Trainee: 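Let me begin by handing over the structure; questions about it come next.
Just so it is clear: chains get the letters A, B, ... in the order the sequence lines come, proteins before strands, and each one is counted from 1. Note that the structure is a prediction, hence the values are computed from the model and not measured. Note that these values count all heavy atoms, side chains included, but never hydrogens, waters or copies made by symmetry.
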Amino acid sequence: MTPRSDQIEREPIPPGTLDMLILKTLVAIGRELHGFEIADAIQHASRNVLQVEEGSLYPALQRMLLKGYITGEWSRTSENRRARYYRITAAGKRQLDQEIAAYQRASRAIALILQPT
Amino acid sequence: MAFTRAFRRLVAILRRDHMLRDLEDEMRLHVELRAKRLEREGWSPADAPPAARARFGSSARVAEESRDAWGAHLVDVVAHDLRYAARALRRTPGFATIVVLTLALGLGVNAAVFSFVSHLFADAPPGILEPHQIRRVYVSQNTHAGAVDVRNRFNYPEVADLRAAIGGSVPMTSYLADSALVGDAETGRFVTVGYTDAEYWRVLGVRPAMGRMYASTEARIEVPVFTAVISDAFWHRELGGRADVLGHTIEVAGHRTTVIGVAPPGFAGPDLDRTDVWLPLGAMPMAQYGSRAWYQIRGVSRLDVLLRVGSQDAMQRVEAQLTSVYRHGSVAAGYARDSSAHVLTGPIAVALGPMTPRREAVIATRLAWISLIVLLIACANVANIWMTRMIDRRREIAVRLALGISRRRLAGQILTEVALLGALAGGAALFAGLWGSVALQRTLMPEVHWSGAALQWRVVLGTAVAGFASVLMIALAPVLHVQRFAGNEELKSGARTVTNAGRRTRGVLVFSQTALAVMLLAAAGLFVQSLRRVLAVDVGYDVDRVVYARPIPLGDRGGEVSSRRLELQGALEETARRMEHVSGVEAVALTRSAPMAGYYTAGLRMPNGDSLPQLNGEVPAMHDVSPEFWRVAGIAPRRGRVTTNTDVAGQQLVVVVNDAMARVVWPGADPIGKCLIVFAPDSPCRTVVGVVPTRHETSVVEKQRMQMYLPIAQATAAGMPASPWMIMVRAAPDRATEVAAGLQRTLSAALPNAELGVREMRSAVEPQFRPWRLGAALFTLLGGLALAIALIGLYGIVSYGVRRRTHELGVRVALGAQQSAILAMVIGESVKLVAVSIAGGLVASFIAARFLASLLYDTSIADPTVMIVVTSLILASAVFASLIPALRASRVPPASALAIE
């Protein structure tokens with residue numbers, strides 16, 4: 001049996017912002033998270049508006065691992081499942097600041113265009 | 001930072017299997033956790049896992065994108081694509097074979113021509129120390145005709161002047177290379193012998209591998225010393241690499257010569273032609289000139305001069321110095337001051353120097369362009385076949401796209417497939433090119449013993465670059481096609497339409513390859529036309545009937561010059577008497593110059609002391625002939641008479657002139673009975689008794705020249721009565737070879753120790769036709785290849801079109817279309833396509849033919865015959881290529897065509 005769809009309309013994450021959201025989530029929660037928790041946290045923090053396209057989370061994590069923005073440690077979940085826990089690095093925090101600044105500049109500019117005249 | 005990132009990337013590539021397993025673990029956990037969450041939210045245990053998987057998306061794509069991120073991408077993808085390509089090609093071996101053959105042909109032609117050209121223009125022959133420092137010396141002078149004449153041959157007094165001028169400051173050497181018989185007359189062979197000074201070895205930086213090089217005391221010009229240095233190749237080839245070679249005696253041009261040294265492996269002299277034996281300059285067999293030796297006069301210019309100059313500045317200084325010395329030297333020797341003379345230097349390779357390149361070299365460089373065009377045609381053709389294959393595989397592609405493969409990956413796979421075939425073709429091309437390059441060397445310049453390795457690294461590199469470029473060109477159209485591919489349309493059942501884009505691309509490809517083929521065929525046609533005209537040139541001799549010999553006595557140079565000359569004259573006269581009775585001989589003459597291979601000039605004045613007018617900037621070429629010369633050569637007088645056996649010393653002094661001379665010297669007047677002062681100004685006047693037609697003086701293709709004949713009995717040479725040097729025999733039709741053998745026997749009996757130099761005139765003149773024949777043959781060969789490739793392409797597109805339209809054709813037949821109408825329609829369409837190509841190709845060939853104009857003889861680049869022949873050839877070929885598909889189309893049974901889906 002399929003439940004009714006949520007009342008809230010869900011939005012896919014705007015392109016190019018996934019990295020920023022992951023990094024921000026890791027900072028905001030303040031502890032190591034595994035992939036499912038990150039997806040969950042983004043959805044929760046956006047009050048269920050933003051929905052991570054869950055598959056796309058993992059390539060993004062791999063990219064940021066390689067760039068050194070995050071580190072990944074294998075560990076056990078509370079249910080004793082093997083999971084990789086991600087933690088933000090100093091480089092990741094610098095990157096997050098830059099991305100937030102860039103994003104705010106862009107969204108202010110967009111707001112200027114969209115505001116009623 | 002960048003370093004640690006690169007390190008992590010490297011680890012990722014190396015441990016990608018491990019990382020992939022980790023990733024799969026993570027994804028599995030994610031989907032399981034999601035499923036549990038969904039269950040908690042009220043989904044049934046059966047529905048939750050699929051829903052979780054759906055929310056997660058394609059895990060294959062996640063893995064692929066992650067691998068992209070790791071950069072494992074390249075390694076993985078290439079390996080995978082290669083396997084895929086190999087599988088796909090194994091399934092269609094016919095297709096793979098055609099592609100590899102076509103490409104190998106295009107690349108192979110290029111490898112061959114490139115190898116030949118790069119050999120010709122190589123920086124330096126092997127084995128020379130710092131070859132870029134070696135400069136070859138040239139002198140450039142304005143000719144009477146206003147043209148600039150550049151030569152790299154000097155006479156000995158000039159060399160001595162130059163040497164004195166630069167002193168010891170710049171290392172300098174002079175040498176000449178000559179073909180000489182090494183070994184005895186029975187078993188010997190002609191090899192290239194270098195006669196050099198002792199500095200030769202020091203200047204070129206060549207040290208003996210064994211023994212020693214000759215010293216300056218042995219290399220004095222006045223004293224022949226018969227000691228030789230041999231090449232490593234000669235040592236192994238002719239002497240079996242024997243260990244006791246030093247001190248061994250070989251016979252060089254009839255002289256017993258002691259081997260004193262072996263050159264290091266690889267070294268074969270500073271020329272294109274491989275030198276095998278080196279002797280001191282003094283050992284060179286040369287004729288005496290009157291009382292003086294060749295090295296005492298300024299008439300025998302046969303020496304090449306090389307310098308070793310360290311810097312650009314030094315080079316310019318030396319050039320200036322040599323120029324002034326050269327001008328001064330000519331003046332001191334009593335030659336008119338030639339202020340235009342300039343001494344220049346160039347790289348060691350003559351082909352890179354300032355001289356007008358040989359016709360064969362020009363043909364070779366033009367061939368390089370032509371071979372590129374052949375490669376372009378091959379690429380267009382392969383691209384075209386590939387497009388057909390893509391369209392045949394469109395369902396497969398559509399399915400793969402629907403299954404989520406990215407277009408980029410598809411493009412990568414096409415590229416890999418093309419590259420795989422390209423690599424196979426490139427390998428085959430190198431072998432073909434190696435063989436072809438040797439074939440080119442043998443046909444274009446057979447007289448050169450090529451030195452150096454046949455396969456150079458730059459040829460391999462060049463072929464690789466050409467192959468890479470070809471792969472990109474070929475892959476371009478199919479890749480663009482994939483980018484625009486409307487996958488879902490193809491999956492609809494009964495889809496019959498092929499995207500117009502694909503058709504257009506293929507149309508363009510067929511157009512361009514046919515147009516290029518038209519261009520090559522037009523060029524080939526021009527060369528053939530040019531060859532026909534050259535072959536039809538009447539040189540003024542019965543070339544097939546004349547046999548001649550110019551013997552050079554060998555052996556000691558001792559004895560009186562005059563007695564040696566009398567000995568030669570006696571032998572020639574004896575031979576002439578005997579030859580007259582040999583069967584197959586029609587006439588025998590004695591002369592002082594070989595037909596089309598020698599003349600002399602001398603001071604000529606009008607009776608009032610005025611000098612003679614010139615024709616094309618040149619003075620008359622003169623010949624001393626015996627009375628039988630005219631019969632032997634097959635020349636009849638136009639006016640008056642030719643010389644006879646009554647024109648001897650003591651009688652009236654006579655000359656015969658050719659019509660060009662009659663016209664230029666006595667315009668509008670009758671030359672018979674006019675007189676000319678020949679040789680010294682105080683000589684008696686010689687009366688013109690006859691006018692003969694012009695015959696070619698040196699070449700099959702030449703400007704008209706004034707010519708003058710003296711009876712040998714009335715001629716003088718260096719103040720003494722002239723004696724004959726040559727014997728000329730006229731053979732009965734088709735008996736020239738037999739007569740040549742007879743002459744060889746008779747002459748060798750009369751002159752036992754001499755190089756006889758017996759030749760049939762046909763074989764002496766034949767090499768002159770070679771560049772023309774070669775041009776015609778090579779261009780026709782490449783043009784034919786191009787046509788064949790273009791036809792395969794045309795056949796491909798027509799037959800594909802017919803297959804694609806089977807349904808439509810079936811409908812037409814069902815509606816009552818006649819077979820002949822369908823046939824006409826299919827053929828008509830291909831003819832229409834080709835007609836456009838022909839127009840394009842002809843326009844292109846007009847533009848391109850200008851580069852060939854200098855290689856053509858008396859042939860306009862817009863030769864109508866060529867245009868008509870090429871056009872009809874291509875049209876006929878187009879009809880032929882579309883005949884089979886058209887016949888197939890006309891026989892489409894309507895029922896099966898309509899039932900085809």
Trainee: With a 4.5 angstrom heavy-atom cut-off, could you sort out which part of A:E79 is near chain B: side chain, backbone, both or neither?
Mentor: side chain
Trainee: Give, for atom OG1 of A:T77 and atom CG of B:L33, the distance between the pair rounded to the nearest 0.5 Å.
Mentor: 7.0 Å
Trainee: Under 4.5 Å, heavy atom to heavy atom: which of residues 100-111 of chain A reach chain B? Give them by number, or say none.
Mentor: none
Trainee: Near A:E73 CD, under 6.0 Å, is it more than 12 heavy atoms from other residues, nucleotides or ligands?
Mentor: no
Trainee: Tabulate below the donor-acceptor pairs under 3.5 Å that side-chain atoms of residues 465-477 of chain B make, not counting sequence neighbours, or state none.
Mentor:
{"from": "B:S470", "atom 1": "OG", "to": "B:A466", "atom 2": "O", "distance (Å)": "2.5"}

Trainee: Report the residues that fulfil side-chain hydrogen bond (donor to acceptor under 3.5 Å, both in side chains) with A:Q95, sequence neighbours left out, ordered by chain and then residue number.
Mentor: A:Y69, A:E99
Trainee: If I measure from the heavy atoms of chain B, does A:A39 come under 4.5 Å with its side chain, its backbone, both, or neither?
Mentor: side chain
Trainee: I need the A:Y58 OH to B:E24 CD distance, nearest 0.5 Å.
Mentor: 13.0 Å
Trainee: Roughly how far, to the nearest 0.5 Å, is CZ of A:F36 from NZ of B:K36?
Mentor: 10.0 Å
Trainee: So which atom in A:P59 and which in B:S66 form the shortest heavy-atom distance, rounded to 0.1 Å?
Mentor: CA-OG, 3.6 Å
Trainee: Before accepting this row, confirm whether a basic side-chain N of the pair A:R81/B:D25 lies closer than 4.0 Å to the acidic partner's carboxylate O.
Mentor: no
Trainee: Identify which part of B:R61 has an atom lying under 4.5 Å from any heavy atom of chain A, answering side chain, backbone, both or neither.
Mentor: side chain
Trainee: Give a yes or no on whether A:R82 atom CZ has more than 12 heavy-atom contacts from other residues, nucleotides or ligands under 6.0 Å away.
Mentor: yes
Trainee: Heavy atoms only: give me the nearest A:A83-B:L29 pair and the separation to one decimal.
Mentor: CB-CD2, 3.4 Å
Trainee: Using a 4.5 angstrom heavy-atom cutoff, name the option from B:R37, B:M27, B:E32, B:R34 with the most pairs to chain A.
Mentor: B:R34
Trainee: Can you give me every donor-acceptor pair (side chain of residues 17-26 of chain A, partner residue at least two apart or in another chain, under 3.5 Å) with its distance?
Mentor:
{"from": "A:T17", "atom 1": "OG1", "to": "A:P14", "atom 2": "O", "distance (Å)": "2.6"}
{"from": "A:T25", "atom 1": "OG1", "to": "A:L21", "atom 2": "O", "distance (Å)": "2.5"}

Trainee: Atom CG of A:L57 and atom NE2 of B:H30: how far apart are they, to the nearest 0.5 Å?
Mentor: 7.0 Å
